[in-house]
Amino acid sequence: MKNVIVAVITVVCLAITFSACEKKSEELPTASLQEIFPLALGKTWIYKLDSIVPAAFGTSLLTKTYHAKDSVVSAFSDNQGRLSFIIRRYIRDTAGLKPWSFGTTITATATDKWVEYVENNMRYIKVSLPVREGYSWYGHAFIDTRNNNYTYLDKLNGWDYTWQNVNEQYRLLNKTYDSTAVIAQNDETTPPGPFDPNNFKQRTFGKEVYAKGIGMIYKDFLYWTWQTTPPPAKYQDDSYGIRLSLISYK
């Protein structure tokens with residue numbers, strides 16, 4: 001009987017040990033949001049920016065490539081007394097022959113749970129704790145999807161942002177980043193199946209990748225509608241995509 005009890009205790013201990021190891025491997029060891037989404041005056045990220053837009057007459061989708069620079073330029077307290085940061089995005093040609101031109105202003109506010117990110121007058125919950133495999137949140141909780149200024153907004157309903165591939169390496173532009181995590185935002189094709197130019201098709205996709213101590217290293221957002229009526233068939237004018245790939249940061 002004594003041997004049986006010892007064996008049972010050993011099995012239980014091993015199970016607890018394996019469970020603890022498994023949990024550790026599924027979490028990015030972050031002490032705070034500051035490590036996964038660093039916010040401080042002077043922080044700068046430079047990206048390769050691929051802008052995807054319909055070609056003339058909507059016959060295809062074109063990719064135009066630029067460089068984008070996101071710079072944290074100032075800080076302030078919002079109406080709730082929370083520390084917020086102003087990020088300005090600048091754009092220029094990939095050869096760097098022309099100076100940076102102003103693109104847009106972004107506001108980022110870190111709470112004790114998540115980072116709120118206001119871009120184009122829409123407030124996203126960009127990242128949320130804990131950074132754990134499978135943990136999800138409604139990233140568009142603050143967005144009014146009935147706003148007719150953006151025809152794609154109804155497609156943002158039900159986007160559950162989910163952490164995936166937590167604490168894994170990520171290869172991007174011939175560089176490998178350690179301790180990264182992917183936010184799977186959405187991946188939907190309506191109707192499902194391969195593209196057929198004779199039939200209606202709509203595609204929405206969203207994904208972001210964050211590296212510990214760096215912030216966002218990759219973003220891929222795509223929304224397009226292939227419309228067959230009235231003829232001729234074409235991509236709708238509001239179809240677009242944006243892809244950001246980190247080149248450098250400081």
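Computed over heavy atoms, backbone and side chain alike; hydrogens, waters and symmetry mates excluded.
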So does [X] have more than 12 non-hydrogen atoms from other groups sitting under 6.0 Å from [atom1]?
X	atom1	answer
Asp160	CG	yes
Phe57	CZ	no
Arg203	CZ	yes

Indicate if [X] and [Y] have the same hydrophobic cluster label, given that clusters are the connected sets of ILVMFWY residues with side-chain heavy-atom separations under 4.5 angstrom.
X	Y	value
Phe205	Ile242	no
Ile46	Tyr249	yes
Val73	Tyr47	no
Ile36	Tyr135	yes
Leu61	Leu244	no

Kindly say whether [Y] contributes a backbone atom to a donor-acceptor pair with the side chain of [X] at under 3.5 angstrom?
X	Y	result
Trp45	Ile214	yes
Ser239	Thr225	yes
Asp93	Gly96	yes
Thr111	Lys113	yes
Trp226	Ala233	no

Legend entry - Lys/Arg N to Asp/Glu carboxylate O, Arg89 vs Asp70, below 4.0 Å: yes

Nearest 0.5 Å please: distance from the [atom1] atom of [X] over to the [atom2] atom of [Y].
X	Y	atom1	atom2	value
Ile143	Trp159	CD1	CH2	9.5 Å
Glu168	Ser179	CD	OG	11.0 Å
Leu62	Ile52	CG	CD1	10.0 Å
Ile86	Leu39	CD1	CG	11.0 Å
Arg123	Asn121	CZ	CG	10.5 Å
Asp187	Leu222	CG	CG	10.0 Å

With a 4.5 Å heavy-atom cut-off, do [X] and [Y] have their side chains touching?
X	Y	value
Arg82	Glu116	yes
Tyr177	Leu246	yes
Glu133	Gln164	yes
Trp163	Ile183	yes
Ile247	Leu173	yes
Thr109	Leu83	no
Phe85	Ile106	no
Thr105	Ile87	no

Inset, instruction - Assess Lys201 against Phe195: is NZ or CZ under 6.0 Å from the centre of the six-membered ring, and within 45 degrees of the ring's axis? - result: no

Inset, instruction - Begin with the C-alpha distance, continue with both residues' side-chain angles, and end with the deciding distance and a verdict on side-chain contact (heavy atoms from CB on, under 4.5 Å) for Leu129 and Trp114. - result: CA-CA 6 Å; Leu129 297 178; Trp114 59 61; over 6 Å; no

Inset, instruction - State which residues pass ring-ring contact (aromatic ring centres under 6.0 Å, His included) with Tyr161; sequence neighbours excluded, sorted by chain then number. - result: Trp137, His140

Between the side chains of [X] and [Y], does any donor sit under 3.5 Å from an acceptor?
X	Y	answer
Tyr210	Glu208	yes
Arg171	Thr176	yes
Gln80	Asp78	no

Legend entry - Pairs satisfying side-chain hydrogen bond (donor to acceptor under 3.5 Å, both in side chains), at least one member in residues 53-68, at least two apart: Asp50-Thr65

Legend entry - Close aromatic pair by centroid cut-off 6.0 Å: Tyr240 and Phe221: yes

Legend entry - Tyr235-Trp224 aromatic ring centre distance below 6.0 Å: yes

Legend entry - Phe37/Tyr117 under side-chain contact (heavy atoms from CB on, under 4.5 Å): CA gap, chis, key distance, verdict: CA-CA 11 Å; Phe37 201 117; Tyr117 194 85; 3.8 Å; yes

Inset, instruction - Please test Phe200 against Gln202 for side-chain contact (heavy atoms from CB on, under 4.5 Å), starting from the C-alpha separation and ending with a verdict. - result: CA-CA 7 Å; Phe200 170 89; Gln202 193 169 67; 4.0 Å; yes

Legend entry - Closest approach of Leu41 to Ala75 (non-hydrogen atoms, all atoms of both residues): CD2-N, 3.8 Å

Legend entry - Step-by-step side-chain contact (heavy atoms from CB on, under 4.5 Å) determination, Val72 to Thr44: CA-CA 6 Å; Val72 182; Thr44 299; over 6 Å; no

